[in-house]
Every structure is written in structure tokens, then in C-alpha cells.
Amino acid sequence: MRIFKFGGASVKDADSVKNVAEILKATEDKNIVVVVSAMGKTTNLLENVIAEYLKNNTATCNEFVTTFKEYHLEIVNELFENTNHLIYQKTAKLFDKMVSFLKVNKSKNHAFVYDQVVGYGELVSSTIVSEYLTEFGLKNELLDVRKCIITDDNHRDASVDWKITQQKISEKVNTSGLSVTQGFLGSENTNNFTTTLGREGSDYTAAIFAYCLNAESVTIWKDVPGVLNADPRYFTKTLLLNRISYREAIELAFYGASVIHPKTLQPLQRKEIPLFVKSFLNPTASGTCVGKGDRIDPETSCFILKKDLVLISLSSLDFSFMMEDNIGDVFKWLYTYKMKVELIQNSAISFSVCVNDKFGNLERLLAKLREKFRVKWNENVTLYTIRHFNPTEVKALAENKNVLLKQESKETVQLVIKE
Ligand code: ADP
Ligand code: ASP
Ligand code: MG
């Protein structure tokens, strides 16, 4: 069994979907689970639908819904010559379901509404891909991932219930055929509402299937040649990493190398399932293999950055030191307001934490912190991480930049920079 994951960029238009079919046709192995993401930037578009809906901006919300439908129908029109093809009914049914949810829903719980709506990106995309593969001659079964991946009800960032998921996946997946399913989604066990695993979570979906099926390998198909030693959106000179150990890949993903979702690697490492990161534009090239063994080949420094973070610096109001009790409170509130902690640094009288305000709770957190601490903060900061650094590179990176904080260990240096 192998697991293939095709992300948004690999199914962004009709030609891309055709390319996916070609890639699948070229593989001899037919025992494959194909995990697909929403097409192109659909998830962002649906986030706009949700935001406008919750603000009761019906007209703007409807405009975004129309864009969503038109985008997919254009792809469908290009892929299917027969205007009576079943795909038209299938996509129309999904559009209707989404719209009727928006009509009947009474909940104002943002995270809940988000999951019920955003999932249509993956549901529509997988339906189109599955139908197109059939049309192309690749017999396949469309699996509803919500019947396979069972989670808690922590909407937008759900945790997998591995025991039930293992059981469901073993029951539902035909291990001798080609299955197509949705990335990113799951469902909670009480009311079967849709949940999501966090943005960019489809890589993780692939790993969940691989783990539960004891797969031979996972391949994630990307618009880059593999894992590079630096984010190509911000660095002009990059180097392809041919091999990386699980440990190294976990570190890179954790620090923000967004080419692999950070939760993907540990389930694979546990069962020593290799992960291939390959280019869908050049499918025969070898790409990157993440597996057991040597740290990184070729040996090189790696540059990672995370943007739009907030650096918060605290000191006590009552001359107490920043010790267990104070720091304990800080962490309790960071957890309450769902802040993702990227870096911490403390001294006797101050404590700095760099966070990602994923859920827009900054104001509330700051208000809480002000009750106990003197609070300073900086928004829109960037966290640069260099693994296996050399001092010259660090110096060059920091040149002419406003470095707010620096932290160094044997392997890694991190700089918080106000751009
Ligand atoms: P998809 O969602 O289509 O699966 P992503 O957009 O999540 O793909 O991941 C691919 C993107 O990750 C690349 O286009 C690239 O801009 C970015 N990226 C960030 N860091 C790296 C890196 N170290 N190596 C390769 N790509 C990277
Ligand atoms: N479609 C989701 C997102 O864009 C999940 C994914 O693509 O991995 O975040
Ligand atoms: Mg993505």
C-alpha cells in the first residue's frame, strides 16, 4: 500500500488534475490511497465566506460562494466533455448542502461553523478528481474521510482518536484498489460533525492513513523539487536536500519549513515509513526522501522563517522574579487563548515569548497579562531559524535588520526580527 497526497497547487486547475491522472497512470502499483486537498486557494476563499457569514454580510458572503462555485465549475467544464456527466449533479449537491448549512445554522461558534463550511473545499475537489480518474480509465473508489478519521471536537485543530481511527481505516479502505479521499478533514464521534486537523493538514491525513495501513511509503506531491535548504519564497539561492532523517525533518517542519506539515512525521517515524517529497511538475525526479539514517544529505545549513508573529515581553509589577508561579500563569493563559508558542526566553526579571496568534485572541491575552505584569509587545515580527548555522551566515542575515531577540543552541540559532 502506498499513500499519495496531492496538495492545493497540484489540483489548482483542469490541466493540473490531468497531470495527477498521468502521475497515477505511470505508477505500476495500484494499491494506493490518494489524499487530495482543496483546489488552489479554495480554503482561503471559504475562510472569507465564513468571516462574512458570521458578520452577517450576506451580500459579500454570497459573492464568495458564487466565486467558489464558478471556480470549480470552470474546472469541471474543462475536464468533462459530456455536459450531462454525473459530476454536474454531484458538485451541485455539494454546493447545495453548503448553502443550506449557511441558511439553517444558528451557531455563532466560529470554529464549529468554520469546520462545517471549509470542508466543502476538499469534498468538492476529491469528487472532481475521483470522477475524472474514472473518466480517464483509472477505476477508483471515493472514500469519505470523515468516516475514517475520528477526532475530538476541538474544531479547527482536532486531535485524532487513534484507536477508533485505526479500526475505521482498516474496515473502510480496500487495500487492493485505488481510493481517493479528502485531506484535512475528520469527524467527531458524538454528533459526527466535520472537524479539521489545522491549516495545511492534508500531509498529516496522508500520514494517518499510512500509519493505520502500515503503508510502504507516503509521497507528497509539491510544486517544488523536494525539501530545499531554504524557503524558496524568501531565499533566492536554495539547495535540494536529497535525504533527511525523521529527526531533522521534524525539527525543520516544527521551526516552520512549511513544505511538510509538522504533525506528519512522527506517525511515520514510529513505523519507519519513508516519506518522499516530490515535484508534480517533474514526477520522475527523485525529490527528497525522509527516513531513517543520516541527519541530512548534503550537509548544509537550513534557513526557515515564520512571519506575522507577536513578541510579548513581560516583567513583574511587584518586584517578584519571573519564576515558576509567574511563568505558570503565563503558560496557563497562553493555553487558554490558544496561542502557539514559537520561542521563549527568560531572565530573572523578564520573560519574552514569541507567539503565533492563530485564532485572533491577542487583545484578550494582553488584557489578562496586564493584570499581573508590565507588558510590552511587538506585532508583525518574523522568526528566522538557521539549523546547522555558521556565524558568517547569521551575521549576513542580521545585517541592517532590527533584531529584537536572539537565541542560540549548538545546532540552531533563532532571531526575532522586526522587518
Ligand atoms: P501544498 O499545499 O500544495 O501541498 P504547500 O504550499 O503546503 O503545498 O508546500 C509547498 C510550498 O512550501 C512551496 O511552494 C514553497 O513555497 C514552500 N516551502 C517553504 N519552505 C520550503 C522548503 N524548505 N523547501 C521547499 N519548499 C518550501
Ligand atoms: N485545504 C487545507 C488548507 O489549505 C488543507 C491542506 O491543503 O492541507 O489549509
Ligand atoms: Mg497546502
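As the structure lists them, so they are numbered: ligands from 1, and atoms in each ligand from 1.
- Residue G256 places no heavy atom under 4.0 Å from ligand 1.
- Counting heavy atoms under 4.0 Å from ligand 1, residue P232 touches it through the side chain alone.
- Ranking the protein heavy atoms by distance from atom 9 (O) of ligand 2 puts R199 NE, 2.5 Å first.
- Look at K93 and D96 and you find no salt bridge, because none of the NZ, NE, NH1 or NH2 atoms lies under 4.0 Å from a carboxylate O.
- Distances below 4.0 Å separate heavy atoms of F184 from the following atoms of ligand 2: 2 (C), 5 (C).
- For the pairing with F193, the ring pair (Phe, Tyr, Trp, His ring centres under 6.0 Å) check across Y114, F112, F101 returns one residue only, F112.
- Those atoms of ligand 2 with a heavy atom of S37 less than 4.0 angstrom away are 6 (C), 7 (O), 8 (O).
- The shortest separation from a heavy atom of S258 to ligand 1 is under 4.0 Å, placing the residue in contact.
- Residues E122 and T205 form no side-chain contact, since every pair of their non-hydrogen atoms from C-beta on lies 4.5 Å or further apart.
- At least one heavy atom of G201 sits less than 4.0 Å from an atom of ligand 2.
- Proximity to G7 (heavy-atom distance under 4.0 Å) selects the following atoms of ligand 1: 1 (P), 3 (O), 4 (O).
- Residues P232 and V224 come closest through the heavy atom pair CG-CG1, 4.0 Å.
- Nearest protein heavy-atom contact of atom 6 (C) of ligand 2 is S202 OG, 3.2 Å.
- By the 4.0 Å heavy-atom criterion, K5 is counted among the residues contacting ligand 1.
- Between K368 and D329 there is no salt bridge, since none of the side-chain N atoms of the basic residue sits less than 4.0 Å from a carboxylate O of the acidic one.
- A heavy-atom separation below 4.0 Å is found between E122 and ligand 2.
- By the criterion of a heavy-atom distance under 4.0 Å, both the backbone and the side chain of L228 are placed next to ligand 1.
- Of all atoms in ligand 1, listed by their number and element, those nearer than 4.0 Å to a heavy atom of A9 are 3 (O).
- Residue E171 qualifies as enclosed at atom CD: its count of foreign heavy atoms under 6.0 Å is above 12.
- Ligand 2 has a nitrogen or oxygen under 3.5 angstrom from a nitrogen or oxygen of T43.
- Counting heavy atoms closer than 4.0 Å to ligand 1, residue D231 contributes atoms from both its backbone and its side chain.
- By the 6.0 Å and 45° rule, K41 does not stack over the aromatic ring of F64.
- Inspection of the S245 and R295 side chains reveals no N or O donor paired with an N or O acceptor under 3.5 Å.
- The presence of a protein heavy atom under 4.0 Å from atom 16 (O) of ligand 1 is confirmed.
- In E200, the part holding a heavy atom less than 4.0 Å from any atom of ligand 1 is the side chain.
- A donor-acceptor contact under 3.5 angstrom links the side chains of S16 and D13, judged on distance only.
- No side-chain donor from either of E141 and S179 sits under 3.5 Å from a side-chain acceptor of the other.
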